[in-house]
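So the structure is just underneath, and the comments pick up after that.
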Amino acid sequence: MCGRFSFTARRDDVENRFGVFIDTDAYIPRYNCAPSQKLSVISNASPEKLSFYRWGLIPFWAKDFSIGNKMINARAESIIEKPSFKNSFRRKRCLVLSDGFYEWKKEEKVAGAGAVAGKKEEKVPYRILKKDNSLFAMAGLWDTWKDAEGRETQSFTIITTSANDLIKDIHHRMPVILQPEHERLWLDEFDKQKHLELLKPYPSELMKTYRVSKLVNSPLNDNKELIQPLINS
DNA sequence: CCAGACGTTGTT
DNA sequence: GTCTGG
DNA sequence: CCAGACGTTGTT
DNA sequence: GTCTGG
């Protein structure tokens, strides 16, 4: 799945890589993008610029916004059937910009010296990125929700698929990462077959993983240290 | 017909 | 255990 | 995803 | 809004 990621690029690198302009001073590099935050996307509604949408899709018909807490991922396999996503799949697609995502692996806890070997499980965070460290876009869906006073919130979800062989060791699901040449296609006019074909696992050969500090666990931490490979592992 | 859900992951 | 907030 | 809260009444 | 379950 994908429940946390980074997007640490400088603003002019974002503009050059994705062909968008950034019309706000609010853009900053992020090391710990978490659900409920406003994060960088390119929406088919305004594909020429960077937008900031809330992570956790709130369907337009929702009575209250808290339903968005559960909608951080959408399974590619069922996207055309789910009431919460089918409408957005047809009309409201976006690119979720990233340079790496985090997954937690369940590992056997290693007992310290003198301690009795235990069977306790431990969740260990890994960072997963492209081998060349380059920026990428994850396939997303978005929607607009209005509260009782008519104030609008744009929100998004990240589409997931089965893990490739590299990531399977850590977790059995992964976000859909689009080939760079497919990014604009994702935002183009809807074509069911064309768009479903893009929702495949990104190739293992082009990716790498490394263990990171558990500092990433808390969404309150957001600094360079989080993307540092953990040496003592 | 109306009422109630609408999601994923992981674990059992 | 389960929900909310980040 | 993880972390942290999870309750009411009444009083300050 | 739209689908499922009763």
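Chain naming here is simple, since letters A, B, ... match the order of the sequence lines and numbering starts at 1 in each. Keep in mind that what you see is a predicted model, and the values were worked out from it rather than measured.
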Test item: side-chain donor near acceptor, A:N73 and A:T160, under 3.5 Å: no
Of all pairs that satisfy ring pair (Phe, Tyr, Trp, His ring centres under 6.0 Å), the ones with a partner from residues 190-229 of chain A, not counting sequence neighbours: A:F89-A:F190, A:W186-A:H195, A:F190-A:H195
Length of the line joining A:N221:CG and D:dC1:P, which is rounded to integer Å: 19 Å
Nearest-angstrom distance from the residue atom CD1 of A:I67 to C1' of B:dG7: 8 Å
Ionic contact status for A:E183 with A:R17, cut-off 4.0 Å: yes
Sugar-phosphate only, base, or nothing, as touched by A:A62 at under 4.0 Å among non-hydrogen atoms: nothing
Sugar-phosphate, base or nothing in reach of A:T157, heavy atoms under 4.0 Å: nothing
P-based separation of C:dG6 from B:dC2 [nearest Å]: 39 Å
Neighbour count above 12 (heavy atom, 6.0 Å) for A:K200 NZ: no
Atom P, compared across D:dG7 and B:dA3: separation rounded to whole Å: 29 Å
Atom-to-atom span, CD1 of A:I128 to P of D:dC1 - whole angstrom: 13 Å
A:D13 side-chain N/O to A:A9 backbone N/O, donor-acceptor pair under 3.5 Å: no
D:dG4 OP1/OP2 closer than 4.0 Å to side-chain N/O of A:S218: no
Touch class at under 4.0 angstrom, heavy-atom based, for A:F85 against every strand present: sugar-phosphate
Integer-rounded Å distance: D:dC1 P and A:F7 CZ: 23 Å
Minimum-distance pair of heavy atoms, taken over all atoms of A:D64 and A:I58: O-CG2, 4.5 Å
Contact pattern, 5' to 3', of nucleotides 1-6 of chain C - B, S or - by protein heavy atom under 4.0 Å: ---S-B
Atom pair distance, as rounded to whole Å: CE in A:M71 and P in B:dT9: 13 Å
C1' atoms of B:dG4 and D:dG10, separation to the nearest Å: 38 Å
Euclidean distance, atom CG of residue A:L141 to atom C1' of B:dT8 [Å, nearest integer]: 14 Å
CG/A:D12: more than 12 non-hydrogen atoms of other groups inside 6.0 Å: yes
Nearest-Å distance for atom pair NZ/P, residues A:K86 and B:dG7: 11 Å
Test ring-ring contact (aromatic ring centres under 6.0 Å, His included) applied to A:F60 and A:W145, step by step: CA-CA 5 Å; A:F60 69 95; A:W145 178 80; over 10 Å; no
Nucleotide of B:dG7, B:dT9, D:dC2 approaching A:W104 most closely (side-chain heavy atoms): D:dC2
Length of the CD1-C1' vector between A:I159 and B:dG7, whole Å: 14 Å
Stems formed with participation of DNA chain D [Watson-Crick or G-U wobble, under 3.5 Å, three or more pairs]: C:1-6 with D:1-6
Whole-Å P distance, D:dA5 and B:dA5: 28 Å
Touch class at under 4.0 angstrom, heavy-atom based, for A:F5 against every strand present: nothing
Nearest-Å distance once atom P is located in both C:dT4 and D:dT8: 15 Å
A:N32 side chain vs A:V216 backbone, donor-acceptor pair below 3.5 Å: yes
Contact under 4.0 Å: A:R75 side-chain N or O vs B:dT8 OP1/OP2: no
Polar side chain donor-acceptor pair, A:D165 to A:S204, under 3.5 angstrom: no
